[in-house]
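See below for the structure under consideration.
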2 protein chains.
Amino acid sequence: MSLKHGLLGLLQYGSMTGYELDKAFKSSLSFFWQAKTSQIYRELDAMEGKGWLISQRIFQQEKPNKRVYTITDVGKRELRNWLPSPEGDIADAMGVRSGFLMRVFFGGEMSNQEALALLRAYRKKCLESRDALLAAHDAMAEYGPMVKDDRTAKFWNMTLAYGEAFHRAGLEWAEQSIAFLEEEQP
Amino acid sequence: MSLKHGLLGLLQYGSMTGYELDKAFKSSLSFFWQAKTSQIYRELDAMEGKGWLISQRIFQQEKPNKRVYTITDVGKRELRNWLPSPEGDIADAMGVRSGFLMRVFFGGEMSNQEALALLRAYRKKCLESRDALLAAHDAMAEYGPMVKDDRTAKFWNMTLAYGEAFHRAGLEWAEQSIAFLEEEQP
DNA sequence: TTAATCATGTAACACGTTACATGATTGC
DNA sequence: GCAATCATGTAACGTGTTACATGATTAA
């Protein structure tokens, strides 16, 4: 239920349209949770059915009509109860699920060239995803002042620190593994 | 398709029953890919439909009947083609999907006590999941000698190194974050 | 003139999770 | 006597992905 609760969390900061939620989600939460636009709309629909939020249609003449979502008291209570009861999530918090590692595991079936190409592509992605983290950093710096208590911002920074630590670990692993394969076959 | 290809990979080492595959998967691949027993049976079924493997029923009088799966040439080709073409997987190789971090991100809505409890539960899981890594290490040490070329074992160890690096990063992050919250409110 | 942005979705499919069922044998 | 292991699944549900559709406005 993390996606639903992520959306609830964002709506606590203010009412938004699906489109705005999608952008807010992608700019600030997407480095630890990815969601497609179409899925966000579906979830919002389901959440309205549960009474966690209400929506109002806004008719516009210049732009397409839109729908503004507002969190309800039921929704706030739901979020409040969900936050400190992470039984399941903690269980697989350490659990990676990586198709990439699946390929590495069976790397023995590939040539050294192919395996190296795989690892180099991974390293490239690592470097690129640095940008996503920096973007999240900027987004938080932008929205941070809008939140009254700076305690909120501290938790945001904690997740950023997590992202950075894992990013660093991935990059270092890639460098070492590439070096290892390179000295295998010159 | 990583689960299907993981199963194909295991079947390259030898024919196995669903039950054995489930155990092999859980002991060696589960630290980077988790799958439920029921899902494995469903996937095996689908894979047989694609012609990637064939199964033979074995009737036993002492124990329940079983079904032995064998990879076909089509399956071997499929695996061989899949391994070095990771476009999609590389794209989200760096992408964590963590319900735990979702909770941390909105930690400002919790009390310091609750947030600390969350982080301490995470640290505890970290320490426990060390065992899963060690188990994977043992499993690889056990199966390693059975594989003719030790190149295979090298890739296994690479994935283990990845697991260890990320484990370490997670633990360090947890320690720091806990310390940070503790000095906030004594 | 082409692409991007605004703003909304639907449909189908793939993959993952939970709960349940069966029934013998082996070890404490 | 009770739990665990062996060995197989089915059914329902929840979540994530892909492909597609609409149609105006604004910036390169």
Side-chain angles (χ1 to χ4, degrees), chain A residues 1-8 15-27 29-30 32-50 52 55-69 82 87-89 91-92 95-99 102, chain B residues 1-8 15-27 29-30 32-50 52 55-69 82 87-89 91-92 95-99 102:
Chain A
M1 300 290 247
S2 299
L3 174 51
K4 287 190 179 69
H5 291 89
L7 293 169
L8 279 182
S15 298
M16 274 183 268
T17 67
Y19 190 78
E20 288 167 331
L21 274 165
D22 185 48
K23 278 194 303 177
F25 200 96
K26 289 195 160 79
S27 70
L29 311 181
S30 68
F32 61 83
W33 197 281
Q34 303 80 44
K36 307 277 160 162
T37 308
S38 61
Q39 198 190 354
I40 288 178
Y41 283 109
R42 192 178 53 183
E43 295 299 307
L44 286 170
D45 221 54
M47 288 159 78
E48 193 165 14
K50 284 172 190 269
W52 294 358
S55 71
Q56 294 164 267
R57 274 219 97 105
I58 309 248
F59 297 93
Q60 299 177 120
Q61 60 277 61
E62 327 232 308
K63 294 177 174 181
N65 297 333
K66 59 184 179 178
R67 191 180 287 275
V68 177
Y69 294 91
W82 177 80
E87 294 74 32
D89 281 349
D92 39 57
V96 190
R97 193 190 292 266
S98 167
M102 189 71 88
Chain B
M1 299 294 246
S2 299
L3 175 51
K4 286 190 180 69
H5 292 88
L7 294 168
L8 279 182
S15 297
M16 275 182 267
T17 66
Y19 190 79
E20 288 167 329
L21 273 166
D22 185 48
K23 280 194 302 176
F25 200 96
K26 289 195 160 77
S27 71
L29 311 180
S30 68
F32 61 82
W33 198 281
Q34 303 80 43
K36 308 278 158 163
T37 307
S38 60
Q39 199 190 353
I40 288 178
Y41 283 111
R42 191 177 53 183
E43 295 300 308
L44 286 171
D45 221 55
M47 288 160 77
E48 194 164 15
K50 285 172 190 269
W52 294 358
S55 71
Q56 294 165 267
R57 275 218 95 106
I58 309 248
F59 298 93
Q60 298 180 121
Q61 59 276 62
E62 329 233 307
K63 293 177 175 181
N65 297 333
K66 58 183 180 178
R67 190 180 286 276
V68 177
Y69 294 92
W82 177 81
E87 294 73 33
D89 281 348
D92 39 57
V96 190
R97 194 188 292 265
S98 168
M102 189 71 88

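In what follows, chains carry the letters A, B, and so on, assigned in the order in which the sequence lines appear, proteins first and then strands, with residues in each chain numbered from 1. No hydrogens, no waters, no symmetry mates; every other heavy atom, side chains included, goes into these values.
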Checklist entry - Are any side-chain N or O atoms of A:Lys26 and backbone N or O atoms of A:Ala35, one a donor and one an acceptor, separated by less than 3.5 Å? => result yes
Next on the checklist: Please report the distance, rounded to the nearest Å, between CG in B:Leu7 and C1' in C:dG16.
Outcome noted: 14 Å
Next on the checklist: For the backbone of B:Ser27 and the side chain of B:Ser30, can you confirm whether one donor and one acceptor N or O come within less than 3.5 Å of each other?
Outcome noted: no
Checklist entry - To the nearest Å, how far apart are B:Lys26 NZ and C:dG16 P? => result 13 Å
Checklist entry - Taking atom CG of B:Leu29 and atom OG of A:Ser98, what is their separation to the nearest 0.5 Å? => result 11.5 Å
Checklist entry - Reckon B:Tyr41 has a side-chain N or O less than 4.0 Å from the OP1 or OP2 of D:dT8? => result yes
Checklist entry - How long is the line joining CD of A:Glu48 and P of C:dT8, in whole Å? => result 13 Å
Next on the checklist: Heavy atoms only, 4.0 Å cut-off, all strands: where does B:Tyr69 land among base, sugar-phosphate and nothing?
Outcome noted: sugar-phosphate
Checklist entry - Atom CZ of A:Phe59 to atom P of D:dA24: distance rounded to whole Å? => result 18 Å
Next on the checklist: Whole angstroms only, please: what is the NE2-P distance between B:His5 and C:dA14?
Outcome noted: 14 Å
Checklist entry - What is the distance from CD1 of A:Ile58 to P of C:dC6, rounded to the nearest Å? => result 17 Å
Next on the checklist: If we ignore hydrogens and angles and just use 3.5 Å, is the side chain of B:Glu43 paired with the main-chain N or O of B:Leu3 as donor and acceptor?
Outcome noted: no
Item to check | Gap between atoms CG and P, on A:Leu44 and C:dT8 respectively (whole Å) | outcome: 9 Å
Next on the checklist: Between A:Arg67 and A:Tyr41, is there a side-chain heavy-atom distance shorter than 4.5 Å?
Outcome noted: no
Checklist entry - Less than 4.5 Å apart, any side-chain heavy atom of B:Trp52 and any of B:His5? => result yes
Every protein N/O within reach of nucleotides 13-17 of chain D N/O, cut-off under 3.5 Å:
unit_1	atom_1	unit_2	atom_2	d
D:dT15	OP2	A:Lys4	NZ	3.0
D:dG16	OP2	A:Gln39	NE2	2.5
D:dG16	O5'	A:Gln39	NE2	3.4
D:dG16	O3'	B:Arg97	NH2	3.4
D:dG16	N7	A:Arg42	NH2	2.5
D:dG16	O6	A:Arg42	NH1	3.0
D:dT17	OP1	B:Arg97	NH2	3.3

Checklist entry - Does C:dC6 have OP1 or OP2 sitting under 4.0 Å from an N or O in the side chain of A:Tyr19? => result yes
Checklist entry - Looking across every strand, which nucleic acid part, if any, lies under 4.0 Å from A:Asp45 by heavy atom: base, sugar-phosphate, or nothing? => result nothing
Checklist entry - Over how many whole Å does the gap from A:Glu20 atom CD to C:dC6 atom C1' extend? => result 10 Å
Checklist entry - Under the side chain to side chain contact (heavy atoms under 4.5 Å, CB included) criterion, do B:Met102 and A:Trp82 qualify, and how do the steps go? => result CA-CA 11 Å; B:Met102 189 71 88; A:Trp82 177 80; 3.7 Å; yes
Next on the checklist: With a 4.0 Å limit, can you tell me whether B:Thr37 has a side-chain N or O closer than that to the phosphate oxygens OP1/OP2 of D:dG9?
Outcome noted: no
